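Keep in mind the model is a prediction, meaning the values are calculated, not measured.
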Amino acid sequence: MSDLVQLTKTDDGVAVVTINNPPVNALSSAVASGIAAAVAQIEKDNAVKAVVFIGAGRTFVAGADIKEFGERTSGKIICRESLKPLLLRIEDLRKPVVMGLHGTAFGGGLELAMAGHYRIAVPGTQVGQPEVKLGIIPGAAGTQRLPRLAGVAKAVEMCAEGASVKAEDALTLGIVDQVVEGDLLTAAIAFAKEVAARPTRKSRERNEKLGSPEQNEAIFAAARETARKKQRGLLAPLAAIDAVEAATKLPFEEGCKKEEELFTKCLFSDQSKALIHAFFGEREVAKIPDVPKETPILPVNSVAIVGAGTMGGGIAMVFANAGIPVVLREADQGALDRGLGNIQKNYANSVKRGRFTQQFVDERLKLIRPTLSYAEFGSVDMVVEAVFESMALKKEVFGQLDRVCKPGAILATNTSSLNIDEIASATSRPQSVIGTHFFSPANVMRLLEIVRGEVTSKEIIATCMQLSKKLGKVGVLVGNCMGFVGNRMFGPYRREAQFLVEEGASIQAVDAALYEFGMAMGPLATGDLAGLDVGWRIRKEFRHLQKEGVRQAFIEDRLCEMGRFGQKTGTGWYKYDENRKPSADPEVSRLIRQWTSEARIPQREISAEEVVDRCIYMLVNEGARILEEGIALRAVDIDIIYLNGYGFPAYRGGPMWYADTIGLKKVYERVREFQQRLGNWWEPAPLLMRLAEQGKTFAEFSTQQGAAA
């Protein structure tokens, strides 16, 4: 036994095994050893008539200890004994085993629960096999027991998609045997006494729900088609389907061997390593070296937003969804009405899709108060400015906010590229000014770039980092420069895509190559979605900073001059029908040939490999500069920004992680090749060159810097 697992007994012969490994009772090696020791005692104790397993604290068992997966693949720990034999011992106990579930029983937690003979749960409990989200599959017979309890179709869905099931639905499916009200331990002991005299039935022997080959063939075919579409490029969903299929075709032991083979293949894949990197990365970015944990947090119980356009309206929904009252200001009634109309339309779509109930939406809409004045701004705790991306306009707004807002109020700007310190200079309290760069659509996208100014206070930073969690966002703190982290890298990435078109690649070929790499959209299609005029305005704002003689992409500016702004106007790089479905536009192809001929740009065949290398390595090279300048605290911060805000494939771990997996020496050599062939805008970042020469990685550099801080 260990401190993590306690064994107690009631006077009437019920043994209670309590798992106590806070905060989520992760099924670590030490916990498994503690359970094994408890089972050994129970096996020998004739006074024990029945057994209850329960989790201490807020949950049953939320899964395996994910750190141990990384330690296993890196060779830091010797592969521990599989959990499967322990679960077989539990299942083979001749005394009924009741699993008492609350909170979550996920991954290894559900596998443990299914090894019991009975499962009871309190309302609100969730069960699931979410391993696929880490690039792996259940590895302790989860794919073999679950179809025997829930049926093949539901097991495929849960294992391949990582979807969880609430207790009430789990009861209907047969995953749990009873949903109980009141105290779980009391109910579990009572249930155990009731079944103590009954013969036990093992989950692994329950084959009646495994279906016929004809039924299953259709289920597996549909699941594989869905996985290829919705989880494009991922290995684990297809492996999970294969493992569940093995449960329907092979005896339990052989099915377990197939599961183990697929699990090991997934665990040691680059995809799993990347997804585990992303999992821990989301936790790492919350740690700010110079902002201690004990830094005071300011209350944010009310918010005002300046601007009811696309971004302002979306941000208002974000705060309202978190239960925070919002004052939404516009300069004129027409703009305010349009903004409120868009908010109502967005909420109506969410109700239609089943994301929200009508009652929830009605409650959120009551939290958004429209106004044409600054009269109510004096009482709010935070203001988010979301006006047009113009420095002059933003400074005018912040001058007004400085006059009307109470002392200590957080003054935040939603700028995507402008200098935070210059905006703050329009106030008498620059320490209260911070950037909160939401991503469009703000009510959907998870990323929030939090931009610190030169004198932004630590209290303001700590408050915004914590607030991001309440808003359901992944907050990443970044430094102040043009474009910050995300857009500073995205500009050169999209510029390179345009250069490729100028040099002879088709628009469709460029987008297709990056889409096949795993990006959510190609870079040119992304421009059409966001609005080509947005980047055009920014380029004009910063035209004076462009270096003389350095090549600049010109086609997109020409398209904007023609009023082709993308989806919003029906034409951009592509043309769009009434449903915004894109198709190639021969007119654009003709214009590009004309313009490149006039500019005397030689045309050539360009491979998909070159498209990917030039666009992705441009991201990496700019990311290396950002990292060395300290604009990003760590390489993982850049990765999390790109995974959550720019559609970078999660199974590649982010641009910096991807470069590390390729090897920085190879990346550096390719960048040098592009510099020699294309020009000095491909000059390697000093950090990339240095790490490549030293045989190190971006992850090692950022770890060293974090430790030094």
Side-chain angles (χ1 to χ4, degrees), residues 82-85 87-88 90-92 99 105-119 127-165 169-177 200-231 234-267 269:
S82 169
L83 188 62
K84 282 198 285 285
L87 301 188
L88 287 171
I90 293 171
E91 199 171 31
D92 286 342
M99 298 287 178
F106 284 164
L110 180 55
E111 289 176 306
L112 171 62
M114 290 190 295
H117 306 120
Y118 302 95
R119 286 150 296 281
V127 302
Q129 300 280 187
E131 290 92 339
V132 69
K133 296 176 183 178
L134 295 175
I136 56 178
I137 68 170
T143 63
Q144 305 304 296
R145 287 192 178 92
L146 188 56
R148 288 174 161 86
L149 294 177
V152 174
K154 196 64 185 181
V156 166
E157 179 187 323
M158 291 174 70
C159 294
E161 298 179 20
S164 62
V165 172
D169 294 327
L171 176 64
T172 303
L173 289 164
I175 301 173
V176 302
D177 300 286
T200 58
R201 191 175 183 199
K202 302 168 186 177
S203 298
R204 68 178 188 263
E205 294 174 354
R206 297 171 64 171
N207 298 328
E208 62 272 13
K209 290 187 178 181
L210 291 181
S212 68
E214 295 76 24
Q215 291 170 324
N216 293 337
E217 185 178 355
I219 291 170
F220 294 126
R224 288 185 174 103
E225 183 179 356
T226 299
R228 291 186 181 107
K229 286 180 181 176
K230 292 186 176 180
Q231 296 156 292
L234 286 166
L235 301 173
L238 295 171
I241 296 167
D242 289 347
V244 175
E245 186 173 34
T248 69
K249 293 183 173 181
L250 301 172
F252 181 80
E253 279 304 318
E254 290 183 36
C256 285
K257 288 177 184 176
K258 181 65 175 177
E259 180 194 78
E260 177 67 25
E261 173 193 320
L262 292 165
F263 171 80
T264 302
K265 182 179 178 182
C266 289
L267 180 63
S269 69

Derivation and outcome, side chain to side chain contact (heavy atoms under 4.5 Å, CB included), residues K258 and Q144: CA-CA 10 Å; K258 181 65 175 177; Q144 305 304 296; 6.0 Å; no
Salt bridge (Lys or Arg N to Asp or Glu O under 4.0 Å) between R201 and E208, intermediate numbers included: CA-CA 13 Å; R201 191 175 183 199; E208 62 272 13; 3.2 Å; yes
Steps toward side chain to side chain contact (heavy atoms under 4.5 Å, CB included) verdict (E111, E131): CA-CA 12 Å; E111 289 176 306; E131 290 92 339; 4.1 Å; yes
Residues I175, L110; criterion side chain to side chain contact (heavy atoms under 4.5 Å, CB included); working and verdict: CA-CA 9 Å; I175 301 173; L110 180 55; 4.2 Å; yes
side-chain hydrogen bond (donor to acceptor under 3.5 Å, both in side chains) between E245 and T248, intermediate numbers included: CA-CA 5 Å; E245 186 173 34; T248 69; 5.8 Å; no
Test side chain to side chain contact (heavy atoms under 4.5 Å, CB included) applied to Q129 and L146, step by step: CA-CA 9 Å; Q129 300 280 187; L146 188 56; 4.0 Å; yes
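Within 6.0 Å of NZ on K265 lie no more than 12 heavy atoms contributed by other residues, nucleotides or ligands. For E225, the CD atom is loosely surrounded, since the number of other residues' heavy atoms within 6.0 Å does not exceed 12.
Ionic pairing of E91 and R206 is not present here: no N-O contact between side-chain nitrogen and carboxylate oxygen is shorter than 4.0 angstrom. Salt bridge present: D242 and R224 bring a charged side-chain N and a carboxylate O closer than 4.0 Å. Salt-bridge annotation for K257 and E253: absent, with no side-chain N of the basic residue lying under 4.0 Å from a carboxylate O of the acidic one.
Contact record, F220 with V152: CZ-CG1, 3.6 Å, taken as the closest heavy-atom pair. Across all non-hydrogen atoms, the minimal contact from P138 to C159 is CG-SG, 4.2 Å. Here the shortest heavy-atom pairing between I137 and A240 reads CG2-N, 3.6 Å. Between A223 and V156, the shortest heavy-atom distance links the atoms CB-CG1, 3.4 Å. The minimum heavy-atom distance between P237 and A227, with the atom names listed, is CB-CB, 4.0 Å. When all heavy atoms of C256 and A141 are compared, the pair lying nearest together is SG-CB, 3.9 Å.
Considering only heavy atoms from C-beta on, L262 stays 4.5 Å or farther from T143 through its side chain. Side-chain atoms of E205 and F252, non-hydrogen and from C-beta on, never get closer than 4.5 Å to each other. S164 places a side-chain heavy atom less than 4.5 Å from the side chain of F106. Residues S203 and R119 meet the side-chain proximity criterion, which asks for heavy atoms closer than 4.5 Å. At least one side-chain heavy atom of T226 sits under 4.5 Å from a side-chain heavy atom of E161.
Each of V132, V165, V244 was evaluated against M158; a single residue qualifies, V165, per the side chain to side chain contact (heavy atoms under 4.5 Å, CB included) test.
The CG atom of L87 sits 9.0 Å away from the CE atom of M114 when rounded to the nearest 0.5 Å. In this structure, CG in L112 is found 7.5 Å from CG in L83, a value given to the nearest 0.5 Å. Once rounded to the nearest 0.5 Å, the distance linking CD1 of I219 with NZ of K154 reads 12.5 Å. In this structure, CG on L134 lies 10.0 Å from CG on L267, to the nearest 0.5 angstrom. Taking NZ of K202 as the start and CZ of R148 as the end, the distance is 13.0 Å to the nearest 0.5 Å. Taken to the nearest 0.5 Å, the CG atom of L238 stands 8.0 Å off from the CD atom of Q231.
With hydrogens and angles ignored, the 3.5 Å screen pairs no side-chain donor or acceptor of T200 with any backbone N or O of H117. A donor-acceptor contact shorter than 3.5 Å is absent between the side chain of E217 and the backbone of E214.
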